[in-house]
Structures are given as structure tokens and as C-alpha cells.
2 protein chains.
Amino acid sequence: MKRFIPILVISLFCSVAGVAQQKTTLPKPNVVLFLVDDMGWMDTSQPFGDSIMPLNRKFHTPNMERMAKEGLLFHQAYVNSVCTPTRTTLISGLSSVRTHITNWTSITPDRATDYKDEVLAAPAWNINGLSTIEEPHTFLYRKPLPQLLKDAGYFTIHVGKAHWGSLGTNGSDPRNMGFVVNIAGSSLGHPQSYYGQQNYGNMPGKTTYNAVPDLQAFYGKDVFLTDALTEKATGALDFPIKNKIPFFLYLGHYAVHTPIQADPRYFGKYLNKGLDSIEAAYASLVEGMDKSLGDLMDYLKKKGVEKNTVVIFMSDNGGLSNVARGGKRNTHNLPLRAGKGSPYEGGVRIPMMVKWPALVKPGTKTNSYVSAEDFLPTVLEIAGVTSQQATDGKSYLPVLKNPSIIDNKRPLLFHYPNRWTFLADEGYAWSSGMRLGAWKIIYLMKDKKLELYNLEKDLGERNDLAKSNPKQLKELAQIWTRELKARGAQMPTWKATGEAVAWPDELIP
Amino acid sequence: MKRFIPILVISLFCSVAGVAQQKTTLPKPNVVLFLVDDMGWMDTSQPFGDSIMPLNRKFHTPNMERMAKEGLLFHQAYVNSVCTPTRTTLISGLSSVRTHITNWTSITPDRATDYKDEVLAAPAWNINGLSTIEEPHTFLYRKPLPQLLKDAGYFTIHVGKAHWGSLGTNGSDPRNMGFVVNIAGSSLGHPQSYYGQQNYGNMPGKTTYNAVPDLQAFYGKDVFLTDALTEKATGALDFPIKNKIPFFLYLGHYAVHTPIQADPRYFGKYLNKGLDSIEAAYASLVEGMDKSLGDLMDYLKKKGVEKNTVVIFMSDNGGLSNVARGGKRNTHNLPLRAGKGSPYEGGVRIPMMVKWPALVKPGTKTNSYVSAEDFLPTVLEIAGVTSQQATDGKSYLPVLKNPSIIDNKRPLLFHYPNRWTFLADEGYAWSSGMRLGAWKIIYLMKDKKLELYNLEKDLGERNDLAKSNPKQLKELAQIWTRELKARGAQMPTWKATGEAVAWPDELIP
């Protein structure tokens, strides 16, 4: 067994000092974030592991394969295990441990979304999300990424799912985050309907808060939500491209989140492959998203801006495997364990690629790990924009330049002092995790239990080394506790006593 | 009596040949259209007639008074008598007689909005509105004004009410008309609610198609719709102003259209003045709109762009006086006759002002008449943009430069081969009108009757001169018929025979 080498872990809470890399005569690179909702690491025919695995054969994503050929693939990209924490981290560069936005935000303001629990109570997390003004139950963050880019002259466009805050709060309107254009983004965590024939939910008498706004020209038509958003996104790019204004496009697809509604263009194919109706629908959602990726790449090429446009493909959390899927629970991200809502790899490891013909070598791969916090400092550095605001992340621009750089000595935290839904096994509630080097340490709070895995040997987290490696466990628990405390982590409390659950290192005698 | 001097009326259907007036080194002027919905000529403390009249004392609009002091006031500005015809004319430069969009469009596609009638049937007008692509029941117009401006590098912003076409058609999305930014514009003809506390109508279970989109950050808050739109409009201006991009802002207020909901900030004041509750609410809607105008002018000044920004204030049709108002019908626009939906002056004459410190002399007034068709060629000429598309209008830039120019020799048409609502007196159904010089001629189709008024002597259209001036009547009817036919006018048909109603000149033996 590989020996763990203690490393000096310094706080990463330092000022972003992105240095303009471009000469002023060169145009600033454009940036596209292609963010898929709830897409798992295995939900693609493009392998993100070292080889093609059985689940890869379930899906057909030719445009992801194409993007991998044209860009850099990250084997080890991480985010939070649920959506709002990742999404607010992407635009703030701050860990959700620090923002106290540790669970998904409700459309309804002032409403905690934690599932009821007899034993533990969630801490007072920021249930209304992120805000650029002082508002109750929000994390105040004055200048989110789009605002910084807008201030620097970038034309900032938001299309699709936002989900940064509850209705009636500042964060519910992407314009308040610094987007010049917003199409279809609000407090919604998922769409009421993917179907144009159902007006994406906008049907008097049936309309809920999940009806998708802004797509009225498609009402009644056979236009799937994913396509409608793609068309609006490319349409919105016309102005900055024509006028040579650098742009930042945040295309947050509602796909492939529930409701798992079949995309009729691809559904039959997956039924024919023998998938059950839910999984066939899911695979069709994935392929519709993949078509959008292809359409977008084609558009950028056609418009002559492909070379200097950085396209970042990623998901906001691991694939759903707890509820609502076809087949057996906790099998949808295999070989990864568990899924969305869990600190195991299935919940936090995501497919990620970066295409940037001007800088990134085509067909490359990296084992350097990255996390959601890194997105903001990376994009700022690419754009040559500086900010006085702190970040928990680190720019991965060096990795884009040289994928052989392996920089896996930072602790990555997956902290979830919350309960997601009714099925709470496999870390789906009251859990925390840390990745450091080859190691992954898991804390199941209700069980007062720590687990230890070596991901280099045990990607599936099946072989708990906690008992056999007490020294390693202790060292990691101490680092972890220090990092959690440095970020002001919140912990759940025991209902019986009102006391907070122990820090990881307190579990070790 | 003044003798009518026959004039050569040539078709105005000629190519727009706007000539760039600005040297290329000067920045292009910004243009703001401040469009109020259903505001009548008398709904203001700023007189648009020659003197203060009783209804002027009912309202308090200090910012309109300020704008009149700082700009040019049009005594005789005209539009169509209902909303969609005016709105589609504003962005196409084409008469509604030509576009066949003669009545307001329903949110529901393929639905004619004409009120049922036993005797007459509406022609096959374009019930789905304006479109930039080929679609059923729409008028095809490839490059609306915002698109032309956008193509010329203008940053085009739509905020508020659009109402160019039905849901599911191209015209229902302002982006398809060439707006870079759209906030709150759709197929809606009126808002479901003006109240933030009611989420502007977005209340699951109660939401109709009239719920106003895009204002989620104000949900549950005490923010009146008019203010929410103003805040969003000024917010949207930040990007073009900062980056020195010329802008076109189309701020289409939902106010002061029904539902006549009180703006709580001003309501009590009007109750105290003795107005009934409906009229007090109406006056409060007007004053809220007036505040928006002031806020916008303040913003432009603060940002240093006041001087080179053309602000055009206008309404989309005359004031409502047929239904839903307090007090006696047909009194709300006095001394003007009738109101919205009628070709009498109360239905088509509107308050209009233009402020442009760089060019327009403050505190000036003009008796030159203008109509909705003139908006497009005027704005194109101001922006130095040319178009190969035809227009029925004429640029009033010369009048802005010299308000003493009186150019009232064009026929202005108010053609309404439709039925608006259940009360069909006073030209509120199956009617047409033409203004030419001092004359106004009215056609009440069901009565097979022509009326003739001399507006210079009889602004209130009380003294029908048809019988006493047969020669004049005949001459005008011939001109009118020629103009209607030249624009391809549609006429209603008699249900009994299926025949079209007569042209105006056919009524004269």
C-alpha cells in the first residue's frame, strides 16, 4: 500500500490574483460554460475513466466524444453532491462549506429543503441562497463571476437553469448576478415540462413555479426544452460576435434532471436497446443534451470564433441513483459508488472537458483533480480579470496548458450537514467527505463513523481502510477538521441534546 | 368656413432613405421609446391642448410637465385606436391598413378577438400578429426596427409589454424582433396583476397567460409593476452605457391598462380629491408611470448620456372610456370624443413628447401632426440607418429640428374593420377614419354613414358637416378610398349577403 505523505495544507482562502495573460492587442477569449444538470460520470459513451465500461455502452453521446477528441478530458473533476451548492460555488469561487449554502434552495423563500429526520437537525444554513445584497438567509457576495466579467467588458449571457436563490430574493434573477441577458433562468431547480407542446409547464390552471419562463415562441410546438435553450443561446451570441465583444455564455441545461421525460427523437432507440422506459427516457434526455453540445460547437465554428472560445463542459453533481430512476438503486454510476446527494464518488465526480483550440491540445487527458471552486479563478485568469474577493479555488489554467501537471495535494471537501430525501443510506444524508491525494475519507454523522478509501486502488470505495490504517485516518481527520473549521463549517445537531455532531477528528480517540 | 384646398396626395409607400446625419466621429444618438399603454390625451396635468382643461386638473404628472419643459410637445400625435395595430406599426413603419393587423391579437394563437356581431363579419385579418418568418395568419416583416438597429450595432432592449403576436408565434418573443435583451415582454396585452405581492400573477393555481414574466426577484415584495420594469430597464442600460455602445430602449409600460389596480403610493391622494375608487386607482396608475418617466430621465442624466439620448414619450392608443372606467362613459377624454377603440379623436390622439437636448429646443410645441407609421423612419434617420424596406410613414426629424414646420397634408388613416367589445356606439366597432389637414372624416360602416368634422374649429367632433359640405365630403371620400385601396385595406362583410361593405366613396351618389 502506498504510504500517505503528509503535505503542508495551507488555507486556500487567498485573494484571486489573475494576471492578464493576453497582450492587449489580442482579443480576450470567450468563455462558454456548458453545464448539465444531474449528469453522472458514466452517463456517456465517452469514457471518463481509463477504459470503456459497461454503462458507457448504454449511452450515445457522439458530440461528447468529438469534444474529447478536440479538447482536454478531466478524469477527476469534482463538484458538490447537490445542485445549488455547486452552482453558487461556480459563480462565487467559494466553497459551500464557507457560504453555508449546503443544500438545494427551494423556490419558496425562507423554506429549508431538508427532509424530516427524527434524530438530527440541519444547521441554520443559507436556505435562500446567494445574494449580491444583504438579505435574510442568504450568503452575501457582492460581485459574482458574471458581474466581474461584465465589469471587464464581457457580454454575459445566462440561458437555462440558474437556481442560485429563492423567488423574491436577489439571487433568483440572473441579471442581478451580472448577466446582461437572461433567458429562462430563475429559482427553478427543474422544469415543469420539457415539452413545447406543454408550453414547458405554462398552462393556465396547471402552471406551477417550475414552469420555464421566456420560451413563448415555442409554445405548442414540437420543440424539446433542450433545443429551445440551445436556439436561444446561439441567438444571444449573435450580438457580441458581430460586434467583437468578448462573451461569457452560461448555458445551464435543465436536462438531464427529473422529470425524466422522453425526448421523442431518441427514445425509441433506447427502448430498442432493451432499456426500461425510465432509463430509455433518461438516455434520450442525455442524447438531446449531447446534440445541443454539438450544435453549439458547430455554431462557434461557423461564426469563426471557435479558436478563441473556451468551452467548459461539466455537470453540477453526480448522477441520480437514489430515487426516480429505473432499475436497482445505487447502480447508475457504477463503478462509482452511490450518486447525487452522496459524498461517495458517484455523487461528486463528474464528466468534465475543456475545449480551447488556441491553447488546449486536442485529444488530451489529465488526472489532475479540479473542483467547483476552481471555476471562478480559472475563468478570471483566462479573461485577464482581477478581483479583490477571496476564493477557495485555484486556477486550472496551468493544467489546460500542460495536462501532465498533477496537482492533487489540496483537500477537496464535500460537506453535507443536511438530509436530501427519504432514503438516507449511502451517505445521502448527514454526511461529509474529503479527497486528498489518493485518499478519500467519508464521515457518516448519524453512525458516528469514519471510512477511508484509496481511490487509486479502489475507485468504487468498497474496501474501507479505516480500521487497518488508524494513523492515516487520524492524520486525515485532523487535516479535514482544520479545513472545515477554517471555512466556518456548520454541523447538524442531535435533536435529543441540541449539541452539534462531533468534528471528524473528535471521533478518533 | 375655411375652404379645403385639395392637395396632391401621393402614396407614401416608398423606400426609407434615412441619411446618416452624424459624422462618423460623433457617437450615434441613443433612443428611448417610453410607451404608455392606453393612456389618453387628457390623462395628465401637462396639457396637450392649447390650455389647461378640467381633466388636466384630475391628474398629477410632474415629470411629464418637466419633460414638456425640456423637450418638444406634439399637440397632434396620432396612433391606431387599439394596441396591437399601433405596436406592430411602430416597429414595422407600416400602416395597420397594410399589415392587416387591424385588431388586438389574442394570447391564444389562431383566435380572432372580434366581439360577436349579428350583422357584420370581420375580414380575414392577421390574427396572429407580426412575424419575421412565414407563419399562418401573420404579416411577414423580415427586419423590424429593433433588428435594423441591432444590425447597425445598437444595443436593443425591450422591457415591458410587447403584444406583437400570439403565443407560439415568432412575434411573441421580442428577441425575434431584434431585441438583444427582453425583460417581461411576450404576447400579453395586459398584466395579470400590478402587485409584487401577487408575483405579478405568477401564483400556482391562479397563474394565467397574463402573468408577467421575468420579475421573480420582486415576488412577494411591495414593488409595483411599473417600478419593477423601470428598475430592470435602467439596469439593462448599464452595459451599453459603460461600453459606449449606442442603445435603443423600448420601455413599454403595462400601465395604465386594465386591470385598474391602485398604486398604493398615490391612491389615497386621489380619493382625497374626491375621485371614485376606480378613477382614483386609474390616476394612481398614471402617477406611477409618471414617476418612472422621472426616474428614467434622472438615470440618463446621472449617467451622463442625457444630451445625446432621444426620449420619445407616447401612448399606444387613446384613453379607455367605453368600459371598466369610473363615471360616465365617453367622458374620460373630453374635450375629445369617445376613446380607445374609436376613430374619433379620443381613440387616436395621444400625448406625445420628444426630449433630445442635443437637438430639440426645450419647452417647444408643434402643431405638425405625426402618426405611428412615422416612428420607424424617424428613428432610422436619427440613427443613420438605412433600410430597403418600404414604409408608410415619414421621418419627423425635420420637425424635431424646427417645430414650426407644419406638415399636415398627409392623410392619416384609422381603419378598424373589426368589433372591439359589446358596446359598439361611438365608432367602437366597424369604423374607419381619416385625418387630412383640418379635416376629419369618419365612416360608421353598419350605419352606412359618413361624418365630416373640422378639427380646427371643432376639436370635439360634435358638429357633423357632412350634409352641409357635400363637395368637401366627396373629395375627401375619394382621396380616402384611394388611400385605403393603395394599402390593400380589408373591409368587413355583411353576414346576410357575404358582400364587403362599401368603400367610403361608394356611399356618395
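Since the model is a prediction, treat every value here as computed from it, not as a measurement. Lettering of chains follows the sequences in order, A, B, ..., and the numbering in each one begins at 1.
Ion pairing between B:Lys232 and A:Asp173 holds under the 4.0 Å rule for side-chain N and carboxylate O.
Considering only heavy atoms from C-beta on, A:Thr207 stays 4.5 Å or farther from B:Lys206 through its side chain. Residues B:Phe155 and A:Asn243 have side chains not in contact (no heavy-atom distance under 4.5 Å, counting atoms from C-beta outward).
In this structure, the portion of B:Glu135 lying under 4.5 Å from any heavy atom of chain A is its side chain and not its backbone. Using a 4.5 Å cut-off between heavy atoms, A:Phe179 makes no contact with chain B at all. For chain B, the nearby part of A:Ile245 is the side chain; its heavy atoms alone come within less than 4.5 Å. Using a 4.5 Å cut-off between heavy atoms, A:Gln192 does not touch chain B at all. The contact between A:Ser186 and chain B is made by backbone and side chain atoms together, counting heavy-atom distances below 4.5 Å.
Heavy-atom minimum distance, A:Gln216 versus B:Asn182: NE2-ND2, 4.3 Å. The heavy-atom pair separating A:Asn176 from B:Ala217 by the smallest distance is ND2-CB, 3.6 Å.
Counting heavy-atom pairs closer than 4.5 Å to chain A, the top-ranked of the candidates B:Gly205, B:Gly153, B:Pro213, B:Gly220 is B:Gly153. The most heavy-atom pairs under 4.5 Å with chain A, out of B:Thr208, B:Asn202, B:Leu167, B:Asn210, come from B:Leu167. Ranked by heavy-atom pairs shorter than 4.5 Å toward chain A, the options B:Pro109, B:Pro204, B:Ser166 are led by B:Pro204. Taking chain A as the reference chain and counting heavy-atom pairs below 4.5 Å, the highest number among B:Ile183, B:Leu215, B:Asn170 is found for B:Ile183.
Not a single donor-acceptor pair under 3.5 Å links the side chain of B:Lys150 to the backbone N or O of A:Phe239. The closest donor-acceptor contact from the side chain of A:Lys242 to the backbone of B:Asp151 lies under 3.5 Å.
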**Message:** Between A:Asn199 and B:Tyr209, is the side-chain contact (heavy atoms from CB on, under 4.5 Å) condition met? List the steps.
**Reply:** CA-CA 11 Å; A:Asn199 304 346; B:Tyr209 281 134; 3.0 Å; yes
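A:Tyr219 OH to B:Ile107 CD1: the interatomic distance, rounded to the nearest 0.5 Å, is 10.0 Å.
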